[in-house]
Amino acid sequence: ILLVFLMPRSSRFSYDYKKGSPWKYETLIAQFDFPILKTDEQYQLELENAGSRVIPYFRYDSKVASKAADALSAMNFDTLDVVRQAAEDALSHIYSTGVLSASALQEQISVIYVQKDRRAFKVPVSEVYTLERAYAILRERVNAASAGHNIDSLYDATGLGRLIEPNLVFDQQTTDLVHEENFDHISRTQGVVRSGLVIVSQDEMVTAEIEQMLDSYKAEFEANVGYMGPRP
């Protein structure tokens, strides 16, 4: 123990090595556990991938459907109660599925999260409605129930087309929070080399993998050890 403390403490890792060249020293054995660091290229690529994997969050606004239902109940359909029922059924289906605004679909996204009743559900964009598609569904079902009546006049008289509004509202705060968490969970390390394992043998060719272990061992040595030997 006394000899260990009397040994000069140097923060230098006195080995020269290069990928593609042989290890010209004696076999190097890990004197302590150390994490394998990712290369800057690996880490940057993972950051970029995390950024591209951000899934936007949308909040389900139940007030939109209630507002539409109230407006529909106040409309005058004369004797065409069957048309009112068709419109009610169509609106119920449309709003339970969800309607996105055109601006929400400007980016090329294939899936979103929908927050409803304090839970978030992953939903393919293809399974929710755009305004145009929702309007087409409403018109299609009302047409089927109109039994030959002038549907255009009915739309103008009642204002049915104005009942469709987006009920999936983009949640910027939650999206940003999840985005940040994705970055926070990206580690700078990948795996651990245990004490006593061979890092590189004498005359062995230094491969990219070995170079990464040597770089990691060097970083840990210079940061926490400072001399060739186990940590006290």
Side-chain angles (χ1 to χ4, degrees), residues 1-59 107-115 118-126 170-232:
I1 295 174
L2 179 61
L3 288 175
V4 168
F5 280 101
L6 290 176
M7 289 176 64
R9 297 178 64 86
S10 171
S11 61
R12 295 184 58 81
F13 185 78
S14 55
Y15 295 108
D16 293 322
Y17 55 91
K18 182 180 179 182
K19 184 175 69 174
S21 299
W23 179 254
K24 57 186 179 181
Y25 308 99
E26 63 183 11
T27 297
L28 182 62
I29 298 174
Q31 300 297 303
F32 44 82
D33 297 347
F34 67 93
I36 302 175
L37 300 174
K38 296 174 183 175
T39 64
D40 291 339
E41 292 77 11
Q42 287 175 315
Y43 184 66
Q44 188 60 41
L45 180 60
E46 290 188 16
L47 288 177
E48 292 173 0
N49 288 338
S52 65
R53 289 197 304 266
V54 175
I55 299 176
Y57 277 70
F58 288 82
R59 186 180 68 258
E107 298 182 5
Q108 296 299 317
I109 53 176
S110 59
V111 66
I112 61 173
Y113 275 108
V114 175
Q115 301 176 79
R118 298 186 179 182
R119 296 183 62 187
F121 305 88
K122 186 181 286 188
V123 180
V125 170
S126 59
F170 179 56
D171 189 335
Q172 183 72 62
Q173 183 177 5
T174 301
T175 301
D176 290 343
L177 180 62
V178 173
H179 193 183
E180 292 174 5
E181 288 179 350
N182 285 345
F183 283 110
D184 291 341
H185 285 109
I186 297 177
S187 173
R188 287 304 305 250
T189 65
Q190 52 177 1
V192 175
V193 174
R194 297 299 181 185
S195 175
L197 292 180
V198 173
I199 300 174
V200 59
S201 300
Q202 187 174 3
D203 298 326
E204 183 179 1
M205 192 66 66
V206 177
T207 62
E209 182 181 0
I210 292 175
E211 182 185 44
Q212 203 162 349
M213 285 195 293
L214 286 168
D215 289 345
S216 303
Y217 189 61
K218 177 181 178 181
E220 184 75 4
F221 172 80
E222 293 182 347
N224 298 312
V225 181
Y227 66 99
M228 183 52 74
R231 285 175 287 191

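Here, residue 1 is the first one in the sequence, and each next residue gets the next number.
Side-chain contact check for Phe170 versus Gln172: some heavy-atom pair is nearer than 4.5 Å. At a threshold of 4.5 Å between non-hydrogen side-chain atoms, the residues Trp23 and Tyr15 count as touching. Between Ile199 and Phe34, some side-chain heavy-atom pair lies under the 4.5 Å cut-off. At least one side-chain heavy atom of Gln31 sits less than 4.5 Å from a side-chain heavy atom of Tyr217. Residues Ser195 and Asp33 form a side-chain contact, since some pair of their non-hydrogen atoms from C-beta on lies under 4.5 Å apart.
Closest approach of Tyr57 to Thr175, counting heavy atoms only: N-OG1, 3.0 Å. Here the shortest heavy-atom pairing between Pro35 and Ser216 reads O-CB, 3.3 Å.
Asp40 meets the salt bridge (charged side-chain N to carboxylate O under 4.0 Å, His left out) test with Arg188; sequence neighbours excluded.
Leu214 contributes atom CG, which lies 11.5 Å from atom CG of Asp16 (distance to the nearest 0.5 angstrom). Rounded to the nearest 0.5 angstrom, Tyr113 OH and Thr174 OG1 are separated by 12.5 Å.
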N/O donor to acceptor pairs below 3.5 angstrom from side-chain atoms of residues 200-212, sequence neighbours left out:
unit_1	atom_1	unit_2	atom_2	d
Glu204	OE1	Ser201	N	2.8
Thr207	OG1	Ile210	N	3.2
Gln212	NE2	Leu37	O	3.0
Gln212	NE2	Gln42	OE1	2.8

